[in-house]
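This structure is a prediction, so every number in the text was calculated from the model and none was measured.
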Amino acid sequence: VEVRKILDLAMFDLKIKQYLNTQSEIEGLKHLHDMNFLRINGQPIKQAMGTWVTKWMYLYTGYIQTYISGQLNEIHEFQHKANHGLDSDPRESKATFMNIMAHIRDVRKKMLTMTSTFAPLRSMVQLLKSHGIILDLGMIGQDLAVDFLERAPMLWDNIVNKTFRVKEEIHPLQNAM
């Protein structure tokens, strides 16, 4: 059974909120401070602190975005590979037949973990959107990553159905070999 690493979104949410609050506190500071006869320009330090807060916040949000992109790419590659493998003609050769059987095995192994993968990924996207973070997840295949995430459960169900259909079709061949 494949074990997937699940991110603790509550901790990420807490850290992102913390940095957003710090960022708003920094923005609320006055640029100029008068101390007796001195006038202090706080703009450079304010700007430097804002930059550091943004970098730290990006550390968390960037990690989530990289994680989402990685998971979606992995799902897409697996779906593409399985789809292509299941389209092969089992009568072509014994190696092709065995390859199809391997794809059926792989899909069956991923069935439990794959169905529980989509909801956490959607939650991560929602977390980033709730904080006003612009998603830069790139393309997955021909689709934007967010669009692929919305279609992924349907695509997965199609592959599972195709797997069982192909398994039924090759069952007579399996008994003959």
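Both Leu135 and Tyr63 are members of a single hydrophobic cluster when ILVMFWY side chains are connected at heavy-atom separations under 4.5 Å. Linking Ile, Leu, Val, Met, Phe, Trp and Tyr whenever their side-chain heavy atoms come within less than 4.5 Å leaves Leu155 and Met139 in two separate clusters. Note on Ile64: it does not cluster hydrophobically with Leu14, by side-chain heavy-atom contacts below 4.5 Å among ILVMFWY residues. Note: the hydrophobic cluster containing Ile26 also contains Ile45 (ILVMFWY, side chain heavy atoms under 4.5 Å, direct or indirect links). No chain of hydrophobic side-chain contacts below 4.5 Å, direct or via other Ile, Leu, Val, Met, Phe, Trp or Tyr residues, connects Leu144 to Phe118.
Side-chain contact between Met111 and Thr115 is absent, with no heavy-atom pair separated by less than 4.5 Å. Side-chain contact between Arg165 and Asn161 is absent, with no heavy atoms from C-beta onward closer than 4.5 Å. Side-chain contact check for His131 versus Lys17: some heavy-atom pair is nearer than 4.5 Å. Proximity of Ile170 to Met101: side-chain heavy atoms (C-beta onward) are separated by under 4.5 Å at one or more points. A 4.5 Å side-chain heavy-atom check between Ile75 and Gln79 finds at least one atom pair inside the cut-off. In this structure, Val107 and Met114 have side chains that are not in contact, with every pair of non-hydrogen atoms separated by 4.5 Å or more. In this structure, Met57 and Lys15 have side chains that are not in contact, with every pair of non-hydrogen atoms separated by 4.5 Å or more. Trp156 places a side-chain heavy atom less than 4.5 Å from the side chain of Phe78.
Side-chain atoms of Asn99 never come within 3.5 Å of backbone atoms of Ala95 as a donor-acceptor pair (strictly under, hydrogens ignored). In this structure, Ser69 contributes its side chain and Thr66 its backbone to no donor-acceptor pair below 3.5 Å. Checking side-chain atoms of Lys46 against main-chain N and O of Glu27 turns up a donor-acceptor pair under 3.5 Å. Panel note: side chain Gln23, backbone Val53; no donor-acceptor pair is recorded below 3.5 Å. When atom types are taken as modelled, the side chain of Thr163 and the backbone of Ile104 share no donor-acceptor pair closer than 3.5 angstrom.
Here the closest heavy-atom approach between residue Gln43 and residue Asn41 is recorded as N-OD1, 3.0 Å. Counting all heavy atoms, side chain and backbone alike, Ile100 lies closest to Gly85 at CG1-O, 3.5 Å.
For the atom pair Gln65 CD and Thr61 OG1, the distance stands at 6.0 Å (nearest 0.5 Å). To the nearest 0.5 Å, atom CD of residue Gln71 and atom CG of residue Leu149 are 11.0 Å apart. Atom CG of Leu128 is separated from atom CG of Leu9 by 9.0 Å, given to the nearest 0.5 angstrom. In this structure, CZ on Arg108 lies 5.5 Å from CZ on Phe164, to the nearest 0.5 angstrom. To the nearest 0.5 angstrom, Tyr60 atom OH is 13.0 Å from Ile133 atom CD1. Between the CG atom in Leu20 and the OG1 atom in Thr54 there is a gap of 9.0 Å [rounded to 0.5 Å].
In this structure, Phe148 and His76 have perpendicular ring planes: the angle between them is above 60°, well past the 30° mark.
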inquiry  = Does His84 form a side-chain contact (heavy atoms from CB on, under 4.5 Å) with His103? I'd like the steps, not just the answer.
reply    = CA-CA 9 Å; His84 182 70; His103 286 296; over 6 Å; no
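Heavy-atom contacts from other residues, nucleotides or ligands closer than 6.0 Å to CE of Met154 number more than 12. By the neighbour-count criterion of 12 heavy atoms within 6.0 Å, atom CG of Asn21 is densely surrounded, having more than that number from other residues, nucleotides or ligands. Within 6.0 Å of the CD1 atom in Ile134, the count of heavy atoms belonging to other residues, nucleotides or ligands does not exceed 12.
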